[in-house]
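Just follow the structure's listing: the first ligand is 1, and inside any ligand the first atom is 1.
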Amino acid sequence: MNSSKKTKRYQSSTWIKLCPIVFIAGMFVLEACAAKDTAANVNIKAGQSCSTSDCHPKMGKDAYVHGPVATGDCSFCHKQENKDKHIFQPIKNVEALCYECHDKLDMGSVVHQPVADGNCTGCHSPHQSANQFQLKGDGPGLCYECHDKSIGGGKFVHGPVAADGCVVCHAPHSSDSPKMLMAEGNDICFSCHSDKQDEFAGKEFVHGPVSDGCIECHSPHSSDFQFSLSGESTQGVCFTCHEDKKDEIAQVTVKHGGLETDRGCMACHNPHVSSFPQQLDMAPMDLCLSCHDKEYKHADGVSVANMKILLDNNSNHHGPIADKDCSGCHNTHGSKDFRILRGYYPKKFYASYNPDNFKLCFMCHNDTLVKDAKTTTLTGFRNGDQNLHYVHVNKTPKGRTCRACHDAHATKNPKHITDTVPFGAYQMPVGFTKSNKGGTCLPGCHQEFTYDRDNKVKNR
Ligand code: HEC
Ligand code: HEC
Ligand code: HEC
Ligand code: HEC
Ligand code: HEC
Ligand code: HEC
Ligand code: HEC
Ligand code: HEC
Ligand code: HEC
Ligand code: HEC
Ligand code: HEC
Ligand code: HEC
Ligand code: HEC
């Protein structure tokens with residue numbers, strides 16, 4: 001507050017007009033209050049001070065003494081009922097009394113209830129106090145005179161609540177923002193966290209609740225969770241809104257190790273803003289490869305391959321991966337199918353034919369490619385009109401699964417045909433060579449066979 005405003009608020013002219021009254025008031029006398037009479041019977045002698053070693057001895061001794069009290073003037077506020085007796089008129093309207101000397105407070109549109117009620121002495125002692133502005137409490141202590149202490153009582157207390165109290169954010173009398181805040185919405189937060197404002201500015205993807213308000217997740221005061229969040233910072237806070245995700249993750253049978261790190265959801269998501277959709281920290285595939293750039297080995301021998309190396313070493317990337325999307329096939333949050341796949345895919349080299357066995361591939365590819373024995377359209381893997389997918393896959397019980405020939409991620413060969421396929425402990429070669437109208441295979445399964453879509457080849 002600038003001093004000119006201060007001067008204006010306290011009308012010195014009024015004070016000067018009051019000087020004679022002060023003097024006359026001093027003329028009223030208290031007879032020895034030491035006399036062990038009841039206060040009402042005390043006679044007041046002219047010229048006697050109200051504050052002596054016997055009467056109101058502490059008055060005027062605190063660190064902050066209200067102007068008129070400092071000058072020993074009691075009578076402006078306390079009017080005697082009877083000029084000889086120590087009986088005073090009750091102060092019926094405190095606010096009006098304050099405004100006899102002070103300018104009316106500038107009121108914003110949102111007024112604090114005790115101010116609206118004229119209860120100025122709810123916060124200010126009319127006499128003195130240990131605190132500036134004769135406040136009845138220090139920092140938050142003042143507010144806790146009426147508000148529940150639990151506001152600042154969580155395990156994690158927001159910096160300014162711990163350090164400076166409440167009036168850095170709330171105007172004590174009134175303001176133009178809800179809850180008498182100094183600024184509205186996220187602006188109150190950005191008034192101190194300007195680094196965050198800079199960080200968030202211009203980001204393409206803003207998490208829904210961040211635009212709704214920081215307080216959707218952070219308590220401005222305190223909470224039992226780190227960063228004053230409304231839930232535990234790694235995932236609990238997310239589940240307060242994304243309940244469906246909580247249920248989904250609880251129900252999956254194949255868990256993703258990526259969710260089990262001590263960063264929780266924050267291993268992949270940014271709670272505030274992002275340059276990528278879905279609040280992801282990086283472009284989706286880069287994100288996967290930021291962890292899957294190494295092999296994960298287990299004591300029992302189970303391991304997860306180094307996917308980055310596999311992609312680096314095999315330049316023919318499968319469609320979705322060429323589009324930089326691993327989530328077409330994998331559900332990052334877990335799944336009921338092995339390898340967190342989005343659909344069933346057999347683990348083994350052989351499986352009885354059933355389109356349900358290949359749900360994963362048939363999410364994107366047409367299942368007719370293995371259905372009909374004869375075709376000239378459904379697949380390129382045919383010898384004349386003989387459907388070689390049908391020949392290999394459509395068998396019971398020993399139908400070959402897609403993995404017998406294809407790799408889901410990347411290969412050196414066209415059509416995602418692998419070089420080798422594990423057959424028990426044996427890395428069996430596939431031996432595929434593509435030609436214009438077909439191809440040749442020399443796998444570990446049989447001698448060299450050639451197929452040609454236009455001119456059916458007789459392979460002995
Ligand atoms: C600016 C006005 C003002 C002045 C000056 C003032 N008082 Fe008061 N006083 C009040 C008000 C208002 C109350 C009632 C307090 C309340 O409502 O909580 C009060 C209450 C009191 C009480 C009752 C007990 C208490 O503390 O609440 C005593 C005693 C008292 N005043 C003594 C004095 C004495 C002695 C002086 C002069 C040294 C003095 N006052 C000067 C406004 C004043
Ligand atoms: C008799 C006149 C008078 C009355 C009545 C009066 N005040 Fe004051 N008040 C003063 C004077 C004089 C000062 C000292 C001004 C200064 O130092 O700038 C003061 C100072 C204050 C201050 C400190 C202001 C500052 O900037 O440091 C507060 C707070 C205050 N009064 C509140 C009240 C309240 C609340 C009431 C009603 C209960 C009240 N006053 C009634 C005369 C009065
Ligand atoms: C809820 C508590 C509360 C109530 C009620 C309250 N005040 Fe205040 N008042 C404060 C606080 C806290 C400050 C110190 C302001 C600051 O730190 O910015 C203050 C400061 C003041 C000041 C000095 C600074 C200024 O703004 O000029 C005056 C004068 C004042 N109050 C008068 C009043 C009057 C008159 C009333 C009743 C109409 C009143 N107050 C009611 C808490 C209160
Ligand atoms: C003399 C009692 C009293 C004191 C002291 C007091 N308040 Fe209040 N305050 C109230 C009352 C009464 C209400 C209105 C009822 C309610 O909403 O709790 C209120 C309401 C509020 C509200 C708005 C609540 C809402 O939901 O709209 C805020 C914010 C607030 N006070 C902050 C403070 C701060 C900060 C302080 C300390 C500077 C403080 N209060 C000191 C009595 C007080
Ligand atoms: C960092 C700024 C900030 C500080 C410091 C702060 N508050 Fe608040 N306070 C807020 C915001 C923002 C809200 C609005 C919360 C909402 O709308 O849910 C609020 C709301 C309130 C409310 C209304 C009830 C509620 O919880 O929503 C009260 C009462 C309150 N504050 C009291 C206090 C008290 C007492 C202190 C000091 C212990 C304090 N505040 C310190 C920002 C702050
Ligand atoms: C008056 C200044 C101020 C305002 C306003 C303010 N803060 Fe803070 N905030 C701080 C300070 C100071 C710290 C403590 C910084 C530290 O410990 O490094 C802090 C800490 C935090 C932290 C924890 C940071 C950490 O690294 O532990 C979060 C989260 C936070 N504030 C969010 C908010 C939100 C949300 C709002 C708006 C409701 C807000 N702040 C308003 C000053 C403020
Ligand atoms: C969806 C909930 C959510 C919302 C809304 C939210 N935050 Fe956060 N915030 C978090 C989480 C979770 C963390 C902890 C991040 C971590 O562990 O990396 C955090 C951390 C912080 C931190 C401390 C750590 C850091 O990143 O510096 C600050 C400061 C912060 N938030 C400020 C804000 C501000 C300001 C807003 C409003 C513009 C806001 N937050 C809105 C969830 C949220
Ligand atoms: C206060 C409620 C709330 C909290 C807490 C919350 N979110 Fe959100 N989240 C939303 C809303 C609302 C949307 C926007 C939904 C929409 O636009 O359809 C959203 C969107 C998202 C999206 C993007 C979805 C999409 O389709 O673009 C992701 C990812 C997300 N949240 C993750 C998180 C994570 C991680 C956390 C924990 C840090 C979290 N959320 C905490 C409410 C919340
Ligand atoms: C290992 C990385 C990773 C972790 C950890 C992770 N997510 Fe995701 N999340 C993703 C990816 C990738 C997507 C985008 C999926 C897509 O495009 O289908 C996503 C999408 C989302 C979406 C929006 C789309 C949807 O699936 O509904 C929400 C909400 C979401 N995640 C919440 C969470 C929550 C809550 C957590 C913590 C329990 C979490 N995520 C942990 C990677 C992760
Ligand atoms: C934060 C690191 C991290 C990120 C990011 C991550 N993962 Fe993982 N992922 C792991 C860990 C850890 C395992 C478990 C390794 C183990 O078994 O020891 C794992 C396991 C897997 C497995 C094997 C699951 C099983 O149990 O058989 C697949 C498949 C997988 N991740 C795919 C992905 C995909 C796709 C993405 C991107 C959407 C991704 N991961 C992002 C850490 C991560
Ligand atoms: C077209 C579907 C598909 C896409 C797209 C896909 N995967 Fe896979 N992924 C699979 C299948 C099927 C398996 C199981 C392979 C097996 O058992 O031989 C698998 C297995 C894995 C494994 C475990 C590897 C192992 O055998 O040790 C990891 C890690 C993995 N994928 C990561 C990724 C990453 C990272 C991406 C994106 C770059 C991705 N996947 C994209 C289908 C896909
Ligand atoms: C998420 C969708 C998706 C899934 C699931 C999927 N694919 Fe693909 N696949 C594609 C896309 C897209 C292409 C590229 C098509 C193009 O370039 O015309 C492709 C191309 C292929 C090709 C090469 C086709 C050509 O003509 O070059 C083969 C072979 C293939 N996929 C096999 C599989 C197998 C085996 C599976 C199951 C493990 C599978 N796909 C699962 C989307 C998918
Ligand atoms: C015996 C090896 C073998 C098996 C098993 C096999 N494929 Fe193929 N597939 C091929 C060959 C070879 C081609 C390349 C045909 C050409 O264009 O010359 C091919 C091509 C494809 C294509 C490209 C479109 C087309 O039909 O030409 C898709 C898609 C495909 N296979 C999916 C699958 C799926 C899904 C499975 C499992 C249900 C599967 N394949 C099983 C060898 C196989």
**Fill in**
Ranking K179, H112, H170 by closest non-hydrogen atom to atom 19 (C) of ligand 5, top hit is H170
**Protein contact to atom 32 (C) of ligand 1 [nearest heavy atom, distance to 0.1 Å]** = M59 CE, 3.6 Å
**Message:** Checking a contact table here: which protein heavy atom is nearest atom 15 (C) of ligand 1, and how many Å away?
**Reply:** P126 CG, 4.3 Å
**Prompt:** So H173 and H124, would you call those rings parallel, tilted or perpendicular, with 30° and 60° as cut-offs?
**Reply:** tilted
**Request:** Write out the residue and atom name of the closest protein heavy atom to atom 29 (C) of ligand 1, then the distance separating them to 0.1 Å.
**Result:** H56 CE1, 3.4 Å
**Message:** Quick one: does any side-chain atom of S219 pair with a main-chain N or O of S222 as donor and acceptor, under 3.5 Å?
**Reply:** yes
**Asked** atom 18 (O) of ligand 4: which of H147, M180, E145 has the nearest heavy atom?
**Response** H147
**Complete:** shortest atom 1 (C) of ligand 1-to-protein heavy-atom contact is with C77 SG, 2.7 Å
**Asked** Under 3.5 Å, is there a donor-acceptor pair linking the side chains of H158 and S228?
**Response** no
**Item:** Check ion pair E243-K246 (N to O, under 4.0 angstrom)
**Value:** no
**Request:** Could you tell me whether H86 and F88 have their ring centroids closer than 6.0 angstrom?
**Result:** yes
**Request:** For atom 24 (C) of ligand 5, decide whether some protein heavy-atom distance is shorter than 4.0 Å.
**Result:** no
**Item:** Short N or O distance, H221 and ligand 5, threshold 3.5 Å exclusive
**Value:** yes
**For atom 16 (C) of ligand 1, the protein heavy atom that lies nearest, with its residue and separation** = T121 OG1, 4.0 Å
**Prompt:** Crowded around K61 NZ? As in, over 12 foreign heavy atoms under 6.0 Å?
**Reply:** yes
**Prompt:** What are the atoms of ligand 5, with element, lying closer than 4.0 Å to any heavy atom of H158?
**Reply:** 1 (C)
**Asked** Can T411 and N413 be said to form a side chain to side chain donor-acceptor pair (under 3.5 Å), step by step?
**Response** CA-CA 5 Å; T411 55; N413 303 310; 5.6 Å; no
**Minimum non-hydrogen distance to atom 38 (C) of ligand 4, winning option of P220, C143, P114** = C143
**Message:** Looking at non-hydrogen atoms alone, which of C120, C146, G137, G165 comes nearest to atom 43 (C) of ligand 4?
**Reply:** C146
**Prompt:** Does H406 offer a backbone N or O that forms a donor-acceptor pair with the side chain of H416 under 3.5 Å?
**Reply:** no
**Request:** Under 4.0 Å from a heavy atom of I215: give me the atoms of ligand 5 that qualify, with their elements.
**Result:** 15 (C), 16 (C), 17 (O), 18 (O)
**Request:** Run the numbers for me: atoms of ligand 4, each under 4.0 Å from some heavy atom of L142, listed by number.
**Result:** 5 (C)
**Prompt:** Can you tell me the protein heavy atom closest to atom 12 (C) of ligand 5 and the distance?
**Reply:** L181 CD1, 3.6 Å
**Sub-3.5 Å N/O-N/O distance, Q113 and ligand 4** = no
**Request:** Starting from atom 2 (C) of ligand 5, find the nearest protein heavy-atom neighbour and note its residue, name and distance.
**Result:** C169 SG, 1.9 Å
**Complete:** Among V161, I151, V167, the residue with a heavy atom nearest to atom 28 (C) of ligand 5 is I151
**Message:** Take a 6.0 Å sphere around NZ of K294 and say whether it holds more than 12 heavy atoms from other residues, nucleotides or ligands.
**Reply:** yes
**Request:** For residues C402 and V393, determine if any side-chain heavy atom of one lies less than 4.5 Å from a side-chain heavy atom of the other.
**Result:** no
**Message:** Does ligand 1 come near enough to H127 that some N or O of the ligand is less than 3.5 Å from an N or O of the residue?
**Reply:** yes
**Request:** Measure up the F200 and F190 rings against each other and bin them: parallel (under 30°), tilted (30 to 60°), perpendicular (over 60°).
**Result:** perpendicular
**Prompt:** Who's closest to atom 36 (C) of ligand 1 heavy-atom-wise, of C74, C98, A70?
**Reply:** C74
**Side chain, backbone, both or neither: C166 near ligand 4, heavy atoms under 4.0 Å** = side chain
**Prompt:** Should T332 and S327 count as side-chain neighbours, where that means a heavy-atom distance under 4.5 Å?
**Reply:** yes
**Fill in**
Note: ligand 4 atoms sitting under 4.0 Å from heavy atoms of C123 are 5 (C)
**Request:** Please say which of K196, K203, Q197 ends up in a side chain to side chain donor-acceptor pair (under 3.5 Å) with E199.
**Result:** K196
**Prompt:** What about H78: any of its N or O atoms under 3.5 Å from an N or O on ligand 1?
**Reply:** yes
**Request:** Could you check atom 14 (C) of ligand 1 against the protein and tell me its nearest heavy-atom contact, residue, atom and distance included?
**Result:** I91 CD1, 4.6 Å
